[in-house]
Amino acid sequence: MLPRPAPSKPIHHLRYLSAVLWFSLSLVASCANDAITKYVAERLHPWEIAFCRFLWGALTILPLMLYQGRKSFKTHRPLLHLGRGTVLFIATSLWIQGVNVASITTATIMSFAVPIFVLLLAPILLQERITWPTWLATLVGFAGTMLALRPQASSFNSTSLYFLLASMLFGLLDIINKRYVAQEPTLCTLFHTTLVAAVLVALPASHVWRTPSRYELLWLLALGGGGNLILYLLLRAFAIAEASSLAPFRYLQLLIATGIDCFLFQELPKIHSYLGATLIILCTLFVGYQQRAESK
């Protein structure tokens with residue numbers, strides 16, 4: 001009799017579970033960053049927070065850049081980093097303004113809307129062909145965004161505008177990343193873009209500057225390092241598994257954000273926020289299914 005083959009070890013399952021773990025940790029870090037932003041914004045101006053976030057973010061990358069030598073600082077696309085840094089500066093500043101006055105759950109729901117703006121911008125900037133079911137799902141998802149923010153004529157406020165513009169600009173950043181940033185090393189892109197954003201926000205921050213206490217400075221340092229930590233965790237996850245296979249787990253962030261709102265800020269989102277989130281999630285999953293079907 002031939003010997004029975006040894007049962008194969010479920011290595012691929014373990015690798016996928018490790019990818020899910022790294023990805024889930026990135027969601028926790030993202031919600032934690034929003035919570036720190038909301039907490040610090042009670043004492044400091046959003047522009048000052050944005051400046052410290054970008055500055056500490058660049059400084060935390062600097063040791064790695066110096067370790068790799070001069071070649072890590074070289075770039076063939078300086079205008080790309082200038083443009084990306086400008087968009088990042090505006091988008092993050094708007095996002096901080098929104099988080100300052102809205103719940104973490106609302107900010108999380110709006111982060112789900114970023115892929116919708118990517119789909120709206122892709123035909124214009126990338127000349128991608130979008131099918132009518134995708135367009136329909138995108139429009140329904142956008143309606144979910146409106147429902148989550150509830151911008152009625154009597155209640156449409158700056159919070160809605162902050163999140164809408166920030167989500168659109170983050171979608172534009174995804175378009176830029178998809179088309180150009182892959183041609184540059186990750187650390188180089190991250191360092192130069194963050195540095196450009198820090199320089200741009202320095203002037204408005206100087207007009208509202210209030211020297212932070214040591215306690216506030218610690219939170220600002222955590223905020224700057226947290227932005228890089230999110231990217232690191234995402235890169236670890238995407239190095240193991242495809243982004244599309246991890247995408248459904250992104251909606252765990254809504255549960256994390258709701259928990260933070262309840263326990264740290266004693267805030268409970270309204271029912272319309274969850275209804276809007278449901279529309280956005282269903283439409284995003286449908287668009288992902290459509291794209292996979294078309295690729296086959």
Side-chain angles (χ1 to χ4, degrees), residues 16-42 46 49 53 57 91-92 94-117 141 144-145 147-149 159 162-163 166-167 170-171 173-174 218-238 240-285 288:
Y16 182 68
L17 286 176
S18 65
V20 171
L21 176 61
W22 287 114
F23 189 73
S24 299
L25 288 175
S26 75
L27 301 180
V28 174
S30 179
C31 287
N33 251 27
D34 280 346
I36 293 173
T37 298
K38 186 176 180 65
Y39 177 72
V40 178
E42 296 176 357
I49 297 172
R53 178 173 180 171
T92 304
L94 289 169
W95 194 264
I96 291 174
Q97 292 273 7
V99 171
N100 182 28
V101 293
S103 67
I104 306 300
T105 304
T106 300
T108 298
I109 292 172
M110 287 309 302
S111 72
F112 297 157
V114 173
I116 295 174
F117 285 100
T145 302
L147 179 60
L149 293 175
T159 306
Y162 291 149
F163 280 131
S167 298
F170 281 128
L173 275 177
D174 283 351
L218 287 175
W219 285 117
L220 292 171
L221 286 170
L223 191 62
N228 293 331
L229 178 63
I230 294 169
L231 179 62
Y232 171 78
L233 294 170
L234 284 174
L235 291 177
R236 287 297 301 265
F238 294 155
I240 301 172
E242 293 183 359
S244 58
S245 67
L246 296 172
F249 292 95
R250 178 172 295 278
Y251 303 115
L252 290 173
Q253 189 173 353
L254 186 58
L255 298 177
I256 299 169
T258 303
I260 290 176
D261 274 333
C262 290
F263 291 107
L264 294 184
F265 300 104
Q266 289 76 49
E267 294 178 347
L268 279 177
K270 305 297 183 182
I271 186 64
H272 63 81
S273 296
Y274 290 110
L275 291 175
T278 301
L279 279 178
I280 295 171
I281 291 171
L282 290 176
C283 291
T284 305
L285 292 175

Fill in: Shortest non-hydrogen separation from Ala35 to Ile260 and the atoms involved
CB-CG2, 3.9 Å
Worksheet item: Going by heavy atoms in the side chains, are Tyr162 and Ile96 under 4.5 Å from each other?
Response: no
Fill in: Distance-minimising heavy-atom pair for Ile36 and Ala222
CD1-CB, 4.2 Å
Practice prompt. Please check if the distance between the ring centroids of Phe163 and Trp95 is under 6.0 Å.
Written response: yes
Item to complete: Would you name the heavy atoms of Ala19 and Ala237 that are closest together and state the gap between them?
Response: O-CB, 3.5 Å
Item to complete: Would you mind reporting whether Ile49 and Leu223 have side-chain heavy atoms less than 4.5 Å apart?
Response: yes
Worksheet item: Which value, rounded to the nearest 0.5 Å, describes the distance between Thr37 atom OG1 and Arg53 atom CZ?
Response: 5.5 Å
Response to the item:
Heavy atoms of Ser30 and Ile230 approach each other most closely as CA-CD1, 3.5 Å
Worksheet, complete the sentence: Heavy atoms of Lys38 and Asn100 approach each other most closely as NZ-O, 3.9 Å
Worksheet item: How far does SG of Cys31 sit from CD1 of Ile256, to the nearest 0.5 angstrom?
Response: 5.0 Å
Worksheet item: Taking all non-hydrogen atoms of both residues, which atom of Ala166 and which atom of Ala91 are closest, and how far apart?
Response: CB-O, 3.6 Å
Discussion item. For Val20, is there any backbone N or O sitting under 3.5 Å from a side-chain donor or acceptor partner on Ser24?
Written reply: yes
Item to complete: Assess whether side chain to side chain contact (heavy atoms under 4.5 Å, CB included) is satisfied between Val99 and Ile104, documenting all intermediate values.
Response: CA-CA 7 Å; Val99 171; Ile104 306 300; 4.1 Å; yes
Discussion item. Please check this pair: side chain of Ser26 against backbone of Phe23, looking for a donor-acceptor N/O pair closer than 3.5 Å.
Written reply: yes
